[in-house]
Each structure stands twice: as C-alpha cells, then as structure tokens.
Amino acid sequence: MSVVCRVIPCLDVAAGRVVKGVKFENLRDMGDPVELARLYFEQGADELTFLDVTATVDERATTYDVVRRTAEEVFIPLTVGGGVRSDEDVARLLGVGADKIGVNSAAIARPALIDEIADRFGAQVLVLSLDVKRAEGMPSGFAVTTHGGRTLTRLDALAWAREAIERGAGELLVNSIDADGTKNGFDLELVALMREISRVPVIASGGAGQVGDFAPAIRAGADAVLAASVFHSGQLTVGDVKDALVDEGIEVRR
C-alpha cells in the first residue's frame, strides 16, 4: 500500500529493560530502552515500537515512566503496546508521549475494545498487534496467541485481522512467533496472506537476520519492516537496512 517503506526497530521491554528471545522464550537482557531508542532515532529509524512483553501476563499496566522518558528523547512516531485494556489506558499513554497504541490480548478477549479506541481516538492511533503461530485446523493455517505468545487461541489469524479492521484497527503489526528471533527471514507466506485481506498498512515482524531479509518482506506485501535483535546486537543498523532496500529499488525515507 505505502509508496515509501518504513524501517521500525522494536523495543521489547520487561521490568524496564529491553529483552529478546527466540520464539518468545528465553528472554535475555539487551540494554536500556531509552538509550537504544535514542540510538535508533539517530540512525534514521522511521518509527519505534515499544512492547511491554510481560504486562498482560503480570496483569499490570505498561511502564508509563519508560514511555515518557523514551518520548522525550526521540522525535519520530512511537507505538506502545502491552497491558492496554481500556480507552482510558490509551488516553494515559498518549498523554505521556505515545503516538499510536498496540492492542492484542485484551482486544481478543473483548473485541469491542477496538471499536471504543477507534471511536474515541481515530483509527490512525490503533495498531492491532497479532502474535501469530502456524496451527493445524485453522482455515488459513495460522492462529493468533495471547499473553505474549504463551496462549494459543482457536481464532484464525486472518479472520481476526479482518474483524479488527472492520472494527477500526488502522494498522496490522504481524509478528510470526515461528520466525521470531530465528534470524532465518520473515514468514513471507504469512505476510502475503495478510496483505491479501488488509486494506490498512501491514508491518512485517519476526525473523530478520541479515540485510537481504527485508526486501522480500516488502515484496510480499509489507508496508513496513520491524526488527529487534539484529539492531540491539549491533549486527545491523537502520542505515544498513535502508541502503539494502534502496539497492533493491525500494523507496525509503532518508
């Protein structure tokens, strides 16, 4: 859909620290979220995504102080998710500096939450975060999970994405749990399926391991590419990814 591809570093945060694992397990410390956010802003990131990966599991709110300090250091759109259960949670996150809000588990438990957020703040604020896993018996072959990937639902990923868009989701953040942290490349089949059913932007997430992994995701239908560990480890910079995309004839923001 988008003419210009976005490159988005993701900060998965637990207990105030950036963490990363493989397929959502064995999380390890990767650094301070504010320092990393500043670094990626300086490298030319188009946006940042901040996900409190244990907020829903721990049944607590997102760490507002970390969001506030991050927003004070970067001047690009900041998407925040994790533990969002009401439109009041959204109002508070927007008040401390978030630009867009990601919802996942709470929206699956109560889909009307999507309508409430979209009606109050507009679809442009609402990002549906889908943690997707291959699953037998699903019409599309993919199911969504909740609670940071810990709970597999019987909800088909494509059917849920369609419903969420109809209810007012303005963007889809599609994260492949099977590919997450493996560095074997994005799940191109999943990206292509989401593109077919979506009239809103699709962000591909999960599996980036080298500069050559990003262009195929865009060609499969993603409007933006999101990565974490390759940036946190210093293996790649945002500039490296953008250079590779340009070499493949894909337009990026400079």
Side-chain angles (χ1 to χ4, degrees), residues 6-37 40-41 45-71 74 76-85 89-90 92-94 96-108 113 117 125-133 144-151 164 169-177 179-181 186 201-208 224-232:
R6 290 171 287 152
V7 178
I8 306 173
C10 182
L11 305 172
D12 293 323
V13 177
R17 299 287 292 179
V18 175
V19 297
K20 194 68 186 102
V22 176
K23 299 183 180 181
F24 285 31
E25 297 180 348
N26 301 317
L27 300 179
R28 62 189 185 280
D29 189 292
M30 301 298 287
D32 177 75
V34 180
E35 292 178 3
L36 287 172
Y40 300 144
F41 170 63
D46 297 298
E47 300 182 11
L48 288 173
T49 293
F50 178 109
L51 299 176
D52 192 324
V53 296
T54 59
T56 297
V57 176
D58 297 342
E59 296 186 348
R60 59 176 172 76
T62 302
T63 309
Y64 292 96
D65 179 60
V66 176
V67 175
R68 181 186 295 106
R69 290 189 292 116
T70 301
V74 302
I76 52 177
L78 175 62
T79 298
V80 179
V84 176
R85 301 178 183 87
D89 291 337
V90 174
R92 188 175 178 189
L93 284 167
L94 295 176
V96 296
D99 298 284
K100 295 188 280 188
I101 305 300
V103 296
N104 185 352
S105 299
I108 291 173
L113 175 63
I117 295 172
V125 165
L126 182 54
V127 179
L128 180 73
S129 181
L130 301 110
D131 294 330
V132 179
K133 199 167 189 176
V144 291
T145 68
T146 62
H147 298 80
R150 292 168 175 81
T151 303
E171 199 162 23
L172 302 180
L173 170 53
V174 184
N175 189 35
S176 168
I177 295 177
D180 179 75
F186 295 94
V202 173
I203 303 169
S205 171
V225 282
L226 179 147
S229 56
V230 290
F231 293 139
H232 303 337

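Rounding to the nearest 0.5 Å gives a distance of 10.5 Å between CD1 of I203 and CG of L130. Rounded to the nearest 0.5 angstrom, L126 CG and L172 CG are separated by 10.0 Å. Separating the OG atom in S229 from the CG atom in D180 is a distance of 7.5 Å, to the nearest 0.5 Å. Of the inter-residue distances, the one linking C10 atom SG with H232 atom NE2 reads 6.5 Å to the nearest 0.5 angstrom.
Scanning all heavy atoms of the two residues, the minimum distance from A106 to L113 falls at CB-CD2, 3.7 Å. Nearest heavy atoms, V66 versus P33: CG1-CG, 3.6 Å. Shortest non-hydrogen contact noted between D99 and I76 is OD2-O, 3.8 Å. The minimum heavy-atom distance linking A98 with L94 is given by the pair O-CD2, 3.3 Å. Of all the heavy atoms in S205 and N175, the pair that sits closest is OG-OD1, 2.8 Å. Closest of all the heavy-atom pairs between D46 and R6 is OD2-CA, 3.3 Å.
For the pair I117/I101, no side-chain contact is recorded, criterion being any heavy-atom separation below 4.5 Å from C-beta on. For the pair V34/T70, a side-chain contact is recorded, criterion being any heavy-atom separation below 4.5 Å from C-beta on. Looking at heavy atoms from C-beta onward, F231 lies in side-chain contact with V7 at the 4.5 angstrom threshold.
With L48 as reference, L78 is the one residue of V80, L78, L226, T79 to meet the side-chain contact (heavy atoms from CB on, under 4.5 Å) rule.
For the side-chain contact (heavy atoms from CB on, under 4.5 Å) test, residues two or more places apart in sequence or in another chain that qualify with S129 are N104, D131, L173. When the salt bridge (charged side-chain N to carboxylate O under 4.0 Å, His left out) test is applied to K133, no partner is found at least two apart in sequence or on another chain.
Using a 4.0 Å cut-off between charged side-chain N and carboxylate O, D89 and R92 make no salt bridge.
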